[in-house]
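Presented below is the structure to which this report refers.
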Amino acid sequence: MNKKQKKMLARILVSGVLMVILSLLPVEGVLRFALFLIPYLIVGYDILRKAWKGILNRQVFDENFLMAVATVGAMALGEYTEGVAVMLFYQIGELFQSYAVGRSRRNISQLMDIRPDYANIQGEDGLEQVDPDEVEPGTVIVVQTGEKIPIDGVVVEGQASLNTSALTGESLPREVSAGDEVISGCINMTGVLKIRTTRAFGESTVSKILELVENSSSRKSRSEQFISRFAHYYTPIVCYSALALAILPPLVLLLLGQGPDWGTWVYRALTFLVISCPCALVISIPLSFFAGIGGASRAGVLVKGSNYLEAMSQVRYIVFDKTGTLTRGVFQVVGVHHSQMEEQRLLEYAALAESFSSHPISRSLREACKTPLDASRVSQVEEIGGHGVTALVDGHTVAVGNARLMEKLGIQPVDCHSVGTVIHVAIDGAYQGHILISDVPKPTSAQAIRELKRSGVRKTVMLTGDAAPVANQVAQELGVDEVYSQLLPADKVEQVERLLTQKDGREKLAFVGDGINDAPVLARADVGVAMGALGSDAAIEAADIVLMDDDPMKLVTAIRISRKCMGIVTENIVFALAVKLVCLLLGAIGVANMWVAIFADVGVMVLAVLNAIRALRVPTK
């Protein structure tokens with residue numbers, strides 16, 4: 001608890017003890033009123049002050065006004081214990097709500113802890129701590145063990161393990177060394193790193209994320225907008241209804257020649273006011289979304305606003321970009337076929353011949369070769385554009401490339417019936433086999449597709465610029481319903497627009513991309529989801545939801561969080577309205593007294609808030 005909450009708790013305890021003691025004392029008349037006024041003012045003076053300020057500012061109808069009128073009226077009728085009790089339990093509910101919001105905010109605060117306090121720059125007298133805002137792009141900064149990386153950059157010296165859990169929700173550390181790109185907000189767990197910054201602090205990943213989270217509360221969901229409009233009209237209506245309940249029945253009794261019994265009807269009207277207080281709805285609905293966004297951020301899912309959380313719960317169509325989203329987006333050796341020698345030896349020859357090339361295919365060959373490569377074994381390297389490479393390796397002439405290179409050298413290649421990029425290898429003019437390289441699916445992609453369908457997603461679609469055979473094989477392997485290949489960015493937008501016309505009115509379509517060239521489609525979909533978008537400004541700007549790493553299962557987590565949150569919102573609305581309507585009717589006919597009213601107001605609010613903070617917990621199923 002913070003200082004303010006502890007002060008409120010002390011007021012509640014003192015007022016509660018005094019109320020119990022005074023209710024047992026045999027004191028009557030003005031003295032009893034004066035004594036009960038002490039606990040009443042101790043616990044409720046701030047509510048009375050807020051109600052008076054509201055009247056002065058012509059913003060009369062709010063929960064403070066309802067509580068003030070109800071409790072002042074009860075005290076005026078001589079119901080001192082009930083007047084103090086109503087204010088006491090209302091403040092207990094407010095304290096509980098404040099604590100629940102604080103707990104939810106702490107989840108956001110944990111994310112806010114990624115904000116670095118300083119950056120280390122090498123000065124004449126050693127390391128100097130400066131404000132990250134003062135560091136220019138291109139500056140070399142030093143990050144020691146236990147410190148946060150303050151600004152995005154590239155490692156120029158050192159190696160270390162980075163804790164990225166605050167950003168991605170993943171506990172597994174990431175190993176970095178010279179040449180690796182690093183993003184701000186990660187914590188250096190081991191070693192010392194020298195990093196050359198690539199952007200200013202205001203444009204770095206940590207600043208973008210903090211801005212996104214801080215602005216998320218400004219985008220209201222339809223449910224929150226409904227509650228705001230509901231409370232705007234509801235509170236004046238119940239105030240006038242209570243006034244009518246206090247005046248009209250006694251007047252009718254007078255006309256009928258009976259006793260008006262003003263005290264009974266005013267008491268019922270005050271009970272009516274306490275019951276009608278919309279706190280449970282006004283507090284618990286925004287809190288549900290706030291807790292949902294907080295829980296999502298802890299799981300590595302950044303939601304830009306509660307409107308997007310609500311929309312995500314209605315997603316029934318999901319469109320994926322292929323490369324970098326469902327697949328790794330990097331070449332990898334997946335097979336060696338028709339080899340006339342040991343596979344590892346063939347890979348070694350091919351990797352040595354390609355050892356001086358920076359092409360992604362060359363890099364994948366070197367990664368697949370398990371033995372250390374000695375570049376001194378290679379000479380007379382000749383790169384033939386659009387064909388491949390020839391080189392002298394250990395005195396043997398090695399040719400590595402496509403079928404056109406083999407034909408050019410007069411060597412007959414063996415066709416490959418698998419889908420992917422085929423690299424043929426010939427040594428001393430004799431064909432030795434071919435290596436199959438492909439962009440492989442991510443380990444969790446197939447599981448994510450299955451879980452999405454289990455969650456009620458009606459159709460999954462994959463869009464790609466790749467050739468049809470490659471696209472079809474990936475789609476079949478992962479279980480995607482529809483696939484469209486050889487698309488330009490503009491073609492992807494057209495496909496999404498076509499799918500938007502097929503869905504029902506309440507259904508939503510989400511597009512999931514890696515943020516590279518996907519901004520137009522992310523903006524056009526009902527919900528744009530950027531996956532693994534750390535360091536991608538375009539993705540963070542264009543997307544509605546940002547998945548902090550590139551695991552497709554994070555999308556399943558986002559949908560589960562959104563549906564749990566919307567379920568809680570619906571439960572709170574139905575529960576609060578149902579209890580209040582029943583109690584309002586009972587209060588109007590005199591069955592419900594002030595104690596029932598306290599439950600209908602404070603009890604319902606506490607239960608609704610307890611239910612709301614369940615949204616902090618990320619569902620696993």
Side-chain angles (χ1 to χ4, degrees), residues 177-180 322-324 326-442 464-474 476-477 485-486 516:
S177 56
D180 290 336
K322 181 185 83 72
T323 307
L326 292 175
T327 63
R328 292 182 183 273
V330 291
F331 285 108
Q332 184 173 324
V333 172
V334 294
V336 178
H337 303 155
H338 303 287
S339 177
Q340 306 299 312
M341 60 176 67
E342 188 182 338
E343 289 185 3
Q344 270 303 313
R345 193 168 168 221
L346 184 73
L347 277 170
E348 184 181 359
Y349 272 116
L352 283 166
E354 294 273 7
S355 59
F356 294 98
S357 174
S358 60
H359 194 279
I361 288 177
S362 305
R363 194 157 48 246
S364 66
L365 287 171
R366 291 195 294 272
E367 288 173 358
C369 185
K370 296 176 182 178
T371 56
L373 298 176
D374 182 3
S376 64
R377 295 166 59 189
V378 186
S379 61
Q380 298 181 23
V381 179
E382 181 185 359
E383 192 161 343
I384 305 167
H387 290 73
V389 171
T390 61
L392 203 64
V393 179
D394 295 337
H396 298 285
T397 303
V398 179
V400 181
N402 55 26
R404 290 199 298 274
L405 176 65
M406 296 294 111
E407 290 166 5
K408 183 177 181 180
L409 298 174
I411 301 168
Q412 181 62 42
V414 178
D415 290 336
C416 183
H417 301 290
S418 300
V419 176
T421 302
V422 180
I423 305 298
H424 299 278
V425 181
I427 300 176
D428 293 331
Y431 187 75
Q432 297 296 328
H434 57 246
I435 301 166
L436 184 67
I437 295 176
S438 181
D439 180 12
V440 295
K442 293 176 181 176
T464 179
D466 286 355
V470 175
N472 291 334
Q473 181 181 356
V474 172
Q476 185 176 0
E477 187 177 340
S485 54
Q486 296 176 306
I516 303 167

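Quick caveat: nothing in here was measured; it's all calculated off a predicted structure.
The shortest non-hydrogen separation linking Ala368 to Leu347 is O-CD1, 4.1 Å. Annotation for Tyr431 and Pro413: closest pair CE1-CA, 3.7 Å, computed over non-hydrogen atoms. Shortest non-hydrogen contact noted between Val400 and Ala353 is CG2-CB, 3.9 Å. Nearest heavy-atom pair, Ala391 versus Val378, reported as atom, atom and distance to 0.1 Å: CB-CG1, 4.0 Å. Taking all atoms of both residues into account, the shortest heavy-atom contact from Val425 to Ala350 is CG2-CB, 4.2 Å.
With contacts defined as side-chain heavy-atom distances shorter than 4.5 Å, the pair Leu392/Ser379 qualifies. Looking at Val389 and Val381, their side chains come closer than 4.5 Å, going by heavy atoms from C-beta outward.
Under the rule for a side-chain contact (heavy atoms from CB on, under 4.5 Å), the partners of Glu342 that lie at least two apart in sequence or sit in another chain are Gln344, Arg345. Legend: residues meeting side-chain contact (heavy atoms from CB on, under 4.5 Å) with Glu343, ordered by chain and number and at least two apart, are Val336. Here His338 pairs with nothing under the side chain to side chain donor-acceptor pair (under 3.5 Å) rule; sequence neighbours left out. Applying the side-chain contact (heavy atoms from CB on, under 4.5 Å) rule to Glu382 yields the partners Ile384, Thr390; only residues at least two apart in sequence or on another chain are considered. Take Val422 and apply the side-chain contact (heavy atoms from CB on, under 4.5 Å) test, not counting sequence neighbours, and it matches Cys416, His424, His434, Leu436.
Atoms CD and OG, from Glu348 and Ser355 in turn, are 11.0 Å apart once rounded to the nearest 0.5 Å. The line from CD of Gln432 to CD1 of Ile427 is 4.5 Å long, rounded to the nearest 0.5 Å. Remark: Leu405 CG to His387 NE2 distance equals 7.0 Å, nearest 0.5 Å. With values rounded to the nearest 0.5 angstrom, Thr327 atom OG1 is found 4.0 Å from Lys322 atom NZ. Distance SG/Cys369 to OH/Tyr349: 12.0 Å, rounded to 0.5 Å. In this structure, CG on Leu352 lies 12.0 Å from NE2 on His396, to the nearest 0.5 angstrom.
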Problem set entry | Full working for side chain to side chain contact (heavy atoms under 4.5 Å, CB included) between Leu365 and Val333 | CA-CA 7 Å; Leu365 287 171; Val333 172; 4.3 Å; yes

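For residues 392-404, every residue pair satisfying the salt bridge (charged side-chain N to carboxylate O under 4.0 Å, His left out) rule, not counting sequence neighbours, is listed here: Arg377-Asp394.
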